[in-house]
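Here is the structure we will look at.
Numbers here are sequence positions counted from 1.
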Amino acid sequence: MAQSLRDRQKVRRREDMLVAARTLFVERGYSSTTMEAIAEQADVGVATVYTYFKNKEGVFAALARMDMSELQAEAEAALPSLPEDPVAAVLKLLGIYQRVHDYISYEVIRAFALGARKKGRIREVAVWVRDWQVDQLRRTLEARKDAALVAQSLNTEEAAQVICDLLEKYYDRVATDAQQRKAFESLERRVSLIFDAWRR
């Protein structure tokens with residue numbers, strides 16, 4: 001059933017507010033961005049922003065979910081064509097995940113990480129992201145296990161959790177482009193190292 005004009009306008013208005021919020025979060029930082037500024041940037045009343053998102057955390061969580069949904073879909077589409085080598089396959093997925101830097105600034109990623117540590121909307125998004133990343137990594141490892149490329153005794157769920165732990169540590173170390181490259185190289189080395197114990 002086709003959406004009504006009003007529903008399409010609501011979707012467009014919501015997207016406009018999220019685009020405005022992204023611009024402000026990157027330019028001013030999360031803590032310095034206000035709901036009033038988001039409303040002004042999106043050319044809507046501040047009451048409209050509150051109606052759609054309740055508070056700034058709600059805006060941030062919705063923006064994060066939108067961005068991470070794109071990365072989720074990109075990674076899902078890549079699963080069938082990942083390299084057979086388990087290390088190369090996992091690193092390909094991690095390369096897609098770390099492209100979150102293409103969407104927002106390092107400061108905003110740090111604000112998200114801090115928000116994810118306490119109960120609330122941001123935490124809910126962080127748990128959702130980790131769940132689908134663990135699932136994609138687990139399925140990737142399961143396929144390599146079926147192909148006898150990793151040890152049959154490997155608990156792929158726990159292995160995927162370990163890899164996600166390493167990915168979270170990577171985000172903790174990154175605040176500039178130079179640090180991103182160095183930290184991702186370190187992440188690659190650590191993933192390769194643990195696979196030495198996981199191979200059959």
Side-chain angles (χ1 to χ4, degrees), residues 18 22 26 60-117 122-200:
L18 291 175
R22 184 204 312 284
V26 170
F60 196 19
L63 181 60
R65 188 175 287 273
M66 181 177 75
D67 291 344
M68 296 309 291
S69 290
E70 291 184 21
L71 292 181
Q72 179 190 27
E74 183 179 342
E76 195 66 32
L79 289 180
S81 59
L82 290 176
E84 285 188 15
D85 178 74
V87 176
V90 166
L91 292 179
K92 179 78 171 177
L93 280 180
L94 296 183
I96 294 170
Y97 300 160
Q98 67 88 33
R99 283 190 43 227
V100 67
H101 298 291
D102 295 347
Y103 292 85
I104 54 178
S105 67
Y106 300 108
E107 189 277 335
V108 175
I109 291 173
R110 192 160 306 283
F112 181 83
L114 290 172
R117 293 181 181 150
I122 296 172
R123 171 82 180 157
E124 291 169 7
V125 174
V127 169
W128 166 73
V129 169
R130 181 164 176 123
D131 285 348
W132 63 254
Q133 287 179 340
V134 165
D135 179 64
Q136 289 180 341
L137 288 162
R138 179 193 57 74
R139 286 184 283 141
T140 297
L141 293 173
E142 278 293 331
R144 275 77 197 156
K145 188 176 178 179
D146 291 345
L149 296 170
V150 295
Q152 291 302 304
S153 60
L154 180 66
N155 182 321
T156 55
E157 175 73 21
E158 288 186 3
Q161 295 281 358
V162 167
I163 294 167
C164 279
D165 288 345
L166 290 173
L167 183 62
E168 287 175 14
K169 290 294 183 190
Y170 154 79
Y171 288 125
D172 288 342
R173 292 192 302 271
V174 175
T176 66
D177 285 339
Q179 287 175 343
Q180 179 188 349
R181 287 188 292 274
K182 187 175 179 181
F184 197 72
E185 287 170 4
S186 175
L187 176 62
E188 289 177 324
R189 287 193 303 272
R190 292 175 187 193
V191 168
S192 297
L193 181 65
I194 61 176
F195 266 94
D196 287 343
W198 292 348
R199 289 186 189 276
R200 60 182 187 88

- Is there side-chain contact between L71 and Q133, with heavy atoms separated by less than 4.5 Å? no
- Would you say S69 and W128 make side-chain contact, with heavy atoms under 4.5 Å? yes
- Contacts of K169 that satisfy side-chain contact (heavy atoms from CB on, under 4.5 Å) - sequence neighbours left out: D172, R173
- Residue pair L94 / L166, side-chain heavy-atom distance below 4.5 Å: no
- Task: State which residues pass side-chain contact (heavy atoms from CB on, under 4.5 Å) with A160; sequence neighbours excluded, sorted by chain then number.
- Result: V134, L137, R138
- Query: Okay, side chain of R99, backbone of G95: is any donor-acceptor separation there less than 3.5 Å?
  - Reply: no
- State whether the number of non-hydrogen atoms from other residues, nucleotides or ligands found under 6.0 Å of E158 atom CD is greater than 12. no
- Item | Pairs touching residues 78-97 that satisfy side chain to side chain donor-acceptor pair (under 3.5 Å), sequence neighbours left out | D85-R199, Y97-Q136
- Is it the case that T140 and R144 place a side-chain donor and acceptor less than 3.5 Å from each other? no
- Item | Under the side-chain contact (heavy atoms from CB on, under 4.5 Å) test, residues paired with A197 that sit two or more places apart | none
- Can you find a pair of side-chain heavy atoms, one from I163 and one from L93, that are under 4.5 Å apart? no
- Task: Taking the side chain as every heavy atom from C-beta outward, state whether E142 and D146 have any pair of such atoms under 4.5 Å apart.
- Result: yes
- Task: Could I get the full list of side-chain contact (heavy atoms from CB on, under 4.5 Å) partners for R110, not counting sequence neighbours?
- Result: A175
- Query: Is any side-chain heavy atom of P86 less than 4.5 Å from a side-chain heavy atom of W198?
  - Reply: no
- Message: With heavy-atom distances below 4.5 Å as the criterion, would you say the side chains of Y106 and Q180 are in contact?
- Response: yes
- Kindly compute the distance separating CZ (R139) from CG (L79), expressed to the nearest 0.5 Å. 5.5 Å
- Task: Starting at OH of Y171, measure out to CG of L187 and round the result to the nearest 0.5 Å.
- Result: 9.0 Å
- Item | Heavy-atom donor-acceptor pair, K145 side chain to V150 backbone, under 3.5 Å | no
- Message: Pair F60, V108 - check side-chain contact (heavy atoms from CB on, under 4.5 Å), show working.
- Response: CA-CA 9 Å; F60 196 19; V108 175; 3.4 Å; yes
- Message: Tell me every residue that passes ring-ring contact (aromatic ring centres under 6.0 Å, His included) with F184, counting only those two or more places apart in sequence or in another chain.
- Response: Y170
- Looking at side-chain heavy atoms only, is the closest gap between I104 and F112 below 4.5 Å? no
- Message: Between the side chains of R130 and E168, is the shortest nitrogen-to-carboxylate-oxygen separation below 4.0 Å, so that they form an ion pair?
- Response: yes
